[in-house]
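Data block below; observations after.
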There are 2 protein chains.
Amino acid sequence: MQKNKLKNPFKSANHKHKKCLQTALAAAKKHCDAFGLRLTPIRYRVLELVWQNHAPVKAYNILDQLKLAKSSAPPTVYRALDFLKEEGLVHKIESLNAYIGCDNPQEGHKSQFFICDDCGTVAEIADPDIRYLLRKKAHQFGFKIKDEMVEIKGHCQECRGSAE
Amino acid sequence: MQKNKLKNPFKSANHKHKKCLQTALAAAKKHCDAFGLRLTPIRYRVLELVWQNHAPVKAYNILDQLKLAKSSAPPTVYRALDFLKEEGLVHKIESLNAYIGCDNPQEGHKSQFFICDDCGTVAEIADPDIRYLLRKKAHQFGFKIKDEMVEIKGHCQECRGSAE
DNA sequence: AATGTTACGTTATAATGTAACATTTTCCAT
DNA sequence: ATGGAAAATGTTACATTATAACGTAACATT
Ligand SMILES: [Zn+2]
Ligand SMILES: [Zn+2]
Ligand SMILES: [Zn+2]
Ligand SMILES: [Zn+2]
């Protein structure tokens, strides 16, 4: 197993989040342009709302915020989320029924999530060692992997520090 | 990384499932006896229904089957499931919102699940290599793991064989 | 018997997610 | 440019999953 260097994927509490948001929105535009996909106003707005921070956002929370501008119904949100998921621009955190923006849409969509139970922040990593090991294990009993969900709950470094 | 031998954790389609059921129920009784816990008729019945096969069972499916005997409501099922989860006798498959009996309640409750999209069968493994790797990765950025969800979707050996 | 504790019953409702169909907008070939 | 197909959105209704709140029953301890 090779050494894959891993810097802390958690964002510090005082990072400049506006930059995260802008980067994500720009990357989404670029992605959709490149593939001839339509990042419509609704989709763009939903993506923006998913990216309001690094904690997962619930579909009905997004819906409430859409309603502030104009009357909307659940399918509006779920359609936009489905599109964004499909394109790897957001991920669903299954254990929370909530959605989070993808850091790195271009590099494939199989990631692992570390979720801080204290601050709610989620860190996404796409670690080749983990994926390799899962594939190796699956191979041992003839299982062919199509999709992977790895969601790890616990306490992030910042929250552990401040808890003492 | 040591070699952990891994036999196929999937049950073949024609295995003697009555035995799985009996073993699980006996293990549950033993566990509850040992810890002074009450495996009441409702809890026992719900466990039995969770174990009707090796595919995850939905709460409202269990509820429907309880209703055949007597009028029941959602809290009845969810309370029983909560108890059984707490004791590691069943697991919730988060990506399916469904429940499955635990093969091996005594050895801790952190497992990985391999889910066949074709036959619905779920295999549970408790692989130390996977857990070790996740802990190692988490440690690299100061994350303290409290809970782990690893749910892998794909096609089991039997279904792959018959698909050709 | 009185008390505390755990489990269960019951009703209502919250939270999450889809089906189905009508309407509008966009795209693109003529 | 323009008509028709395809894609996206609007709208209503509904399905599914889960919990809150409150009361009662069963069981154990004193
Ligand atoms: Zn940020
Ligand atoms: Zn934290
Ligand atoms: Zn079996
Ligand atoms: Zn299968």
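Letters go in sequence order (proteins before strands), and every chain restarts at 1.
- Spacing between atom CG of A:Leu63 and atom P of D:dT12 amounts to 14 Å, rounded to whole angstrom units.
- Taking the six-membered ring where tryptophan is involved, the planes of B:His31 and B:Phe35 are tilted, since the angle between them lies from 30° to 60°.
- When the nearest nucleotides of DNA chain D are assigned to B:Ala98 and A:Pro41 by heavy-atom distance, the more 5′-ward of the two goes with A:Pro41.
- The side chain of B:Lys58 places no N or O atom within less than 4.0 Å of a non-bridging phosphate oxygen (OP1 or OP2) of D:dA18.
- Between the OH atom of A:Tyr44 and the P atom of D:dA8 there is a distance of 19 Å, rounded to whole Å.
- For the pair A:Leu84 CG and D:dA8 P, the interatomic distance rounds to 12 Å; values are reported in whole Å.
- Consecutive Watson-Crick or G-U pairing (both distances under 3.5 Å) extending over three or more pairs maps onto DNA chain D as C:1-30 with D:1-30.
- With D:dT11, C:dG17, C:dT10 as the choices, the nucleotide that has an atom nearest any side-chain atom of A:Tyr78 turns out to be C:dG17.
- Between B:His91 and B:Phe113, a ring centre-to-centre spacing shorter than 6.0 Å is recorded.
- One atom, CD1 of B:Ile42, and another, P of C:dT10, lie 10 Å apart when rounded to the nearest Å.
- If you take NZ of A:Lys85 and P of C:dT16, they are 14 Å apart, rounded to a whole angstrom.
- The shortest distance between the side-chain N/O atoms of B:Lys92 and the OP1/OP2 oxygens of D:dA18 is below 4.0 Å.
- Residue A:Lys70 places no side-chain N or O under 4.0 Å from the OP1 or OP2 atom of D:dT9.
- Put simply, CD1 on A:Ile62 is 14 Å from C1' on C:dA15, counting in whole angstrom units.
- To the nearest 0.5 Å, atoms CD (B:Gln22) and NE2 (B:His17) are separated by 10.0 Å.
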Take B:Gln52 and B:Gln65 through the test side-chain hydrogen bond (donor to acceptor under 3.5 Å, both in side chains) and record every step on the way to the result.
CA-CA 11 Å; B:Gln52 57 199 291; B:Gln65 300 191 249; 3.2 Å; yes

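- Considering only side-chain N and O atoms, A:Asn97 lies nowhere under 4.0 angstrom from the phosphate OP1 or OP2 of C:dA15.
- For B:Thr40, counting side-chain heavy atoms from C-beta on, the closest listed nucleotide (D:dG10, C:dT10, C:dA7) is C:dA7.
- Ring orientation note: the planes of A:Phe141 and A:Phe143 are tilted relative to one another, at an angle of 30° to 60°.
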Could you walk me through whether B:Glu124 and B:Asn104 pass the side-chain hydrogen bond (donor to acceptor under 3.5 Å, both in side chains) test, one step at a time?
CA-CA 9 Å; B:Glu124 173 179 353; B:Asn104 215 348; over 6 Å; no

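- In terms of phosphate contacts, A:Thr76 brings a side-chain nitrogen or oxygen within less than 4.0 Å of OP1 or OP2 of D:dG10.
- To the nearest angstrom, C1' of D:dA7 lies 19 Å from CZ of A:Phe35.
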Starting at the 5' end of nucleotides 22-30 of chain C, put B wherever the base has a protein heavy atom under 4.0 Å, S where only the sugar-phosphate does, and a dash everywhere else.
----S----

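- Side-chain contact between B:His139 and B:Lys144 is absent, with no heavy atoms from C-beta onward closer than 4.5 Å.
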Step by step, would you call A:Lys146 with B:Asp117 a salt bridge (Lys or Arg N to Asp or Glu O under 4.0 Å)?
CA-CA 9 Å; A:Lys146 288 296 177 192; B:Asp117 287 336; over 6 Å; no

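- Within the model, atoms NZ of A:Lys11 and OG1 of A:Thr121 stand 11.0 Å from one another, a figure rounded to the nearest 0.5 Å.
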Verdict with reasoning, B:Leu68 to B:Asp64, per side chain to side chain contact (heavy atoms under 4.5 Å, CB included):
CA-CA 7 Å; B:Leu68 298 177; B:Asp64 288 342; over 6 Å; no

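- Among C:dG17, D:dA18, C:dT18, the nucleotide with an atom closest to any side-chain atom of A:Pro75 is C:dT18.
- The interatomic distance linking B:Tyr60 (OH) with D:dT17 (C1') rounds to 6 Å, in whole Å.
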